[in-house]
Number of protein chains: 2
Amino acid sequence: MTRRATIKDVAVAAGVSRSTASRALTGRGYVATDVRERVLAAAENLRYVPDATARYLKQQVSLSLGVLVSDLRNSFYARLAAGVGQAARTQGYSLVLAEDGGSAEAQVEAAETFVATRVAGVVVTPVSADVTTYLSRHRIPVIEVDRQFAAGACDAVVVDNQTASQQVIEDLIGLGHRRIALFIDETTWTTGRERHAGYQAALAAAGIPLDPDLVVSSGWDVDAARSAATALLRSDERPTAVFAANNVLAEGVWRAANDLGLRIPDDVSLVSFDDAPWMSLVTPGLTAVAQDEAALGAAAVRRLLERIAEPQAAPVTVMMSTRIVHRESTRAVRP
Amino acid sequence: MTRRATIKDVAVAAGVSRSTASRALTGRGYVATDVRERVLAAAENLRYVPDATARYLKQQVSLSLGVLVSDLRNSFYARLAAGVGQAARTQGYSLVLAEDGGSAEAQVEAAETFVATRVAGVVVTPVSADVTTYLSRHRIPVIEVDRQFAAGACDAVVVDNQTASQQVIEDLIGLGHRRIALFIDETTWTTGRERHAGYQAALAAAGIPLDPDLVVSSGWDVDAARSAATALLRSDERPTAVFAANNVLAEGVWRAANDLGLRIPDDVSLVSFDDAPWMSLVTPGLTAVAQDEAALGAAAVRRLLERIAEPQAAPVTVMMSTRIVHRESTRAVRP
DNA sequence: CTGAAAGCGCTTACAG
DNA sequence: CTGAAAGCGCTTACAG
């Protein structure tokens, strides 16, 4: 047999109608026990695998979830996607995955695919409000993860960026640092804005005047971060500590310090937001604000499925906790 | 309007039949220019997005590819998946992604989802021949990547593990090493078998007798690798160099060396198969056999699409090149 | 408890 | 060049 078995084949083999075969196979509706068994045996025999495409068409919704992240090569997104996949699978959903490379247009393109394939919902790390707008217009539930562009319009799973950042800066201040640089790629997303706010709040609380020169902006990739960091660390007024607002920026600073022959933490202390795997492998290990990406992903799926079940409920923002992992990349400033 | 627009809505709005609307929208078949424009305008207006589910059902194939890897948290798989996604998107395919955590049953389960959703083809890093058997039985083209379990029965994209491993060991021998350990998690997959063979070949060529105690097997995760490596490095007969057969094992060795206070390369040289991102961040940087994961993924998609176009062609195995990245984790053995 | 019929939203020969 | 009709493989009220 070259053709794939359909429910009709199963029905014929079991000597019943397609309706009955369907009821036996799905478990919905009445079927006599012996009939059910006959149908299941026939299905087994024919290696019948229901065509999800046909089922979805009939039911108008699929058992798959869309996941849209910026870049799988960044461990943060890879782990997040892994967490989403894990949780989705547990709930019987499969994953349609897309990467956007940080582009808003690419996000909308991916979103078109999601609506075309009728995914049941979408988990996204947004780069603008466009995806959410687009998907919402097509009545597809969305949940924003990591940052929010559509707060109040859809669910979200985030962490308290400000508190964590403030804590980390306070620790640095406690070590005697006064010239603390914030190394950051954007301050327009909620992540950047809040991490910036935490930085400012900690300085303000300690009565340290804000020095705008110490808030250094960088491009978003490692190469850009590396050169921006090189400029920063080479300046006469080099900071005694740097807070890198994410793992890519931290990598840039790390590489720049190596390039310049600066020792961490002796010449400069370094703290990162996001705890990438490499940070526990290098010497000294990097002190970092760790997020549990798998937990973020799982929470996103959980919330998304609740939303699917109850489309009219008010949007909720789930706040996940962070954890500061103290390693050896900071030290007291020399008196 | 609360309902999603269908092609019927578009047809009505444009004042044509559904057939004509379909021809205009898909670009297949004749449509008068002005009619086409009217249809497209109507579609735009109604924010019409064709239901891929219905299209697939009718055409009996989808424009999506299945990707099945072990673990997205391993940078090798994450980058491979990214490469596949990139290439797939370029060709108009979307990605259904699944992780198997290294389990053969999980692979078959994922494969069931793939056949249910009628993916056009599957890219897999197999852990047994089961997936390929299962998918082939359902007439779904498969391509194995990284290792082969169904050589001759389906396409594959691999690297020349043996040659690369042999080269790396020869380099070590050239540095005067004689007690070189192979640290490996399995020798039943093609990857492990070939890397092992390369190790043996290099020793044989140099007339160095094989010492079975120097082929050290380890569990597959970092914790297992770390403790196995600790035992290895702590032994009286400690090797002067270690060749870790993949990036996870290399991480285990790295951590074990740190735990024990051993310096690389002074106390022991270390070389890895797979060049993970952290290997260029640590000091000393790790010498490693690098694979271009994005290129592997792209080649897999290319070959898979050829196979889809020509299902009867003989299976081909595509061999990708590797590159040895020399860093500072090896040194000449003390005389 | 079972089956005939309708229908999900498309595409595609085919007749005109 | 266009439209009516059939059909992809399911599920699901509904009648019996």
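Note that this is a predicted model, so its numbers are computed, not measured. Quick note on labels: first sequence line is chain A, next is B, and so on, each numbered from 1.
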### Summary
Annotated structure of DNA chain D as dot-bracket, pair cut-off 3.5 Å, Watson-Crick or G-U only, | for inter-strand, is |||.||||||||.|||
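In this structure B:Asp292 satisfies the salt bridge (Lys or Arg N to Asp or Glu O under 4.0 Å) test with no other residue, sequence neighbours excluded. Partners of A:Thr133 according to the side-chain contact (heavy atoms from CB on, under 4.5 Å) rule, which considers only residues two or more places apart in sequence or in another chain, are A:Ala129, A:Arg137. Legend: residues meeting side chain to side chain donor-acceptor pair (under 3.5 Å) with A:Glu293, ordered by chain and number and at least two apart, are absent. Contacts of A:Tyr134 classified as ring pair (Phe, Tyr, Trp, His ring centres under 6.0 Å), with partners at least two apart in sequence or in another chain: A:His138.
Among residues at least two apart or in separate chains, side chain to side chain donor-acceptor pair (under 3.5 Å) pairs with a member in residues 24-41 of chain B are B:Arg28-B:Gln59. Screening residues 123-134 of chain A for salt bridge (charged side-chain N to carboxylate O under 4.0 Å, His left out), with sequence neighbours left out, gives no hits. The stretch residues 301-311 of chain A participates, sequence neighbours left out, in these side chain to side chain donor-acceptor pair (under 3.5 Å) pairs: A:Asp155-A:Arg303, A:Asp155-A:Arg307, A:Arg303-A:Glu306.
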### Query
Can you give one letter per nucleotide of nucleotides 8-15 of chain C, 5' to 3': B if a protein heavy atom sits under 4.0 Å from the base, S if only from the sugar-phosphate, - if neither?
BBBBBB--
Using residues 87-99 of chain A as the side-chain source, report each donor-acceptor pair under 3.5 Å to any protein atom, sequence neighbours left out, with the distance given to one decimal.
from, atom 1, to, atom 2, distance (Å)
A:Thr90, OG1, A:Gln86, O, 2.9
A:Glu99, OE2, A:Leu72, N, 2.6

Listed pairs under 3.5 Å, donor-acceptor, residues 43-51 of chain A side chains, sequence neighbours left out:
from, atom 1, to, atom 2, distance (Å)
A:Asp51, OD1, A:Thr53, N, 2.8
A:Asp51, OD1, A:Ala54, N, 3.3
A:Asp51, OD2, B:Arg118, NE, 3.4

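Residue A:Val145 forms a side-chain contact (heavy atoms from CB on, under 4.5 Å) with just one option from A:Val123, A:Val124, A:Val318, A:Val69, and that option is A:Val123.
Within residues 33-41 of chain A, the residues that place at least one heavy atom under 4.0 Å from DNA chain C are, in residue-number order, A:Val35.
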